[in-house]
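Here the structure comes first, spelled out in structure tokens, and everything after it is commentary.
Values in this document were obtained by computation on a predicted structure and should not be read as measured data. Letters go in sequence order (proteins before strands), and every chain restarts at 1.
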2 protein chains.
Amino acid sequence: MAAEESLTNTVGFLLGKLGQRANGRYADRLAPLGLRPRHCAVLELLSGGPHAQLGLAKAVGVTASVVVDILDELEELDAVRRVRDTADRRRQLIELTPTGRELRRQTLSLARQNDQELLSAIDPAEAAALLQTLGRIATATGLITK
Amino acid sequence: MAAEESLTNTVGFLLGKLGQRANGRYADRLAPLGLRPRHCAVLELLSGGPHAQLGLAKAVGVTASVVVDILDELEELDAVRRVRDTADRRRQLIELTPTGRELRRQTLSLARQNDQELLSAIDPAEAAALLQTLGRIATATGLITK
DNA sequence: TATTGTTATACTCTATAACTATA
DNA sequence: TATAGTTATAGAGTATAACAATA
């Protein structure tokens, strides 16, 4: 059986479709927490310590105005605090609150549930290989800093 | 080294991010043709023969109104024709024109270029395994009909 | 009454550009 | 002048719902 000459047989197409689906399902799981997928990468980064807003923007891969929006929403949930940097008063240092830390823990748990559903059709060894390959590509293309 | 407890180490997150990137790059490549990614799955389906609009909608996974929009744009490019079904005059049978066939050929070629760039960081065997795994998941979840 | 396709409308996500306050 | 953050606005992309023609 030769490789099928079809769009559905390209990595890019499958990645796009599956990514969209993974995101949608994740959004459904997050909804009860009052969160959407875009909040999660920010919570993740902040769990490593405070960040300035432009730093978050660059790390997450969105523009400054989007970060303002995301942080407004996280602040509304008492998940983060904006603290004016005393050394450079233009800056806000964003830090996680205890509520934020708990939310982050939950987003991680939901992400793992999401993976279980997504990977239920393939065996664990293949799933592990997939995770490794995706991680490799993401690192190589600078998508994640690792 | 234990599995890292981080969002960046989940399949769902990586799939979402990489899918978004793959789509964006593909969109850049398609732009000179006057096409966007959403047109491609429709061209692909039509290359197998005429379809009614609701059939396309279901197969591609979008709503009827979106299909109308996509077909309007493809018709504008002379890539498709709407032919009233004589057996059931509510229906339009959508068929590819010679121009559409040529465009479809080009979208496929660009998709392969896109894959090459995306997969340049990993070796061919790993890339083949990735394609197979993604295809398996997509088929199992009913994302593609195969 | 139900179905095919169409239109009008609204919502989400993101980007760009103009603005402020600091540096 | 340049930078951090904010606001206003606009552009994709999609969905929902009301509608016309046909079954």
Identify all pairs in which a protein N or O lies below 3.5 Å from an N or O of nucleotides 19-23 of chain C, and state each distance.
residue : atom : partner : partner atom : Å
C:dA23  : OP1  : A:R89   : N            : 2.8

Atom pair distance, as rounded to whole Å: [atom1] in [X] and [atom2] in [N]:
{"X": "A:L56", "N": "D:dA4", "atom1": "CG", "atom2": "C1'", "result": "13 Å"}
{"X": "B:I94", "N": "C:dT4", "atom1": "CD1", "atom2": "C1'", "result": "11 Å"}
{"X": "B:R91", "N": "C:dT4", "atom1": "CZ", "atom2": "P", "result": "6 Å"}

Between the main-chain N or O of [Y] and the side-chain N or O of [X], is there a donor-acceptor pair closer than 3.5 Å?
{"X": "B:D115", "Y": "A:V11", "value": "yes"}
{"X": "B:Y26", "Y": "B:T107", "value": "yes"}
{"X": "A:R104", "Y": "A:L43", "value": "no"}

*Taking side chain as C-beta onward, heavy atoms only, is B:D72 less than 4.5 Å from B:V68?*
yes
*asked:* Any non-hydrogen side-chain atom of B:V83 less than 4.5 Å from a side-chain atom of B:P50?
replied: no
Measure across [X] and [Y] and return the closest heavy-atom pair with its distance rounded to 0.1 Å.
{"X": "B:I144", "Y": "B:G135", "value": "CD1-O, 4.4 Å"}
{"X": "B:L71", "Y": "B:V42", "value": "CD2-CG1, 4.1 Å"}
{"X": "A:S6", "Y": "B:L108", "value": "C-CD1, 3.6 Å"}
{"X": "A:L103", "Y": "A:A79", "value": "CD1-CB, 3.9 Å"}
{"X": "A:A111", "Y": "B:T10", "value": "CB-CG2, 4.0 Å"}

*Please list all pairs passing the salt bridge (charged side-chain N to carboxylate O under 4.0 Å, His left out) test where one or both residues lie in residues 45-71 of chain B, with sequence neighbours left out.*
B:R38-B:D69
Pair [X] + [Y], salt bridge at N-O below 4.0 Å:
{"X": "A:R105", "Y": "B:E5", "value": "no"}
{"X": "A:R82", "Y": "A:E75", "value": "yes"}
{"X": "A:E117", "Y": "A:R21", "value": "no"}
{"X": "A:E95", "Y": "A:R101", "value": "no"}

Using a strict heavy-atom distance below 4.0 Å, which residues from [range] are in contact with DNA chain D?
{"range": "residues 60-83 of chain B", "answer": "B:V62, B:T63, B:S65, B:V66"}
{"range": "residues 36-44 of chain B", "answer": "B:R36, B:R38"}
{"range": "residues 18-33 of chain A", "answer": "none"}

*Net bend of the helix from C:dT1-D:dA23 to C:dA23-D:dT1, end axes of five pairs each, nearest 10 degrees*: 20°
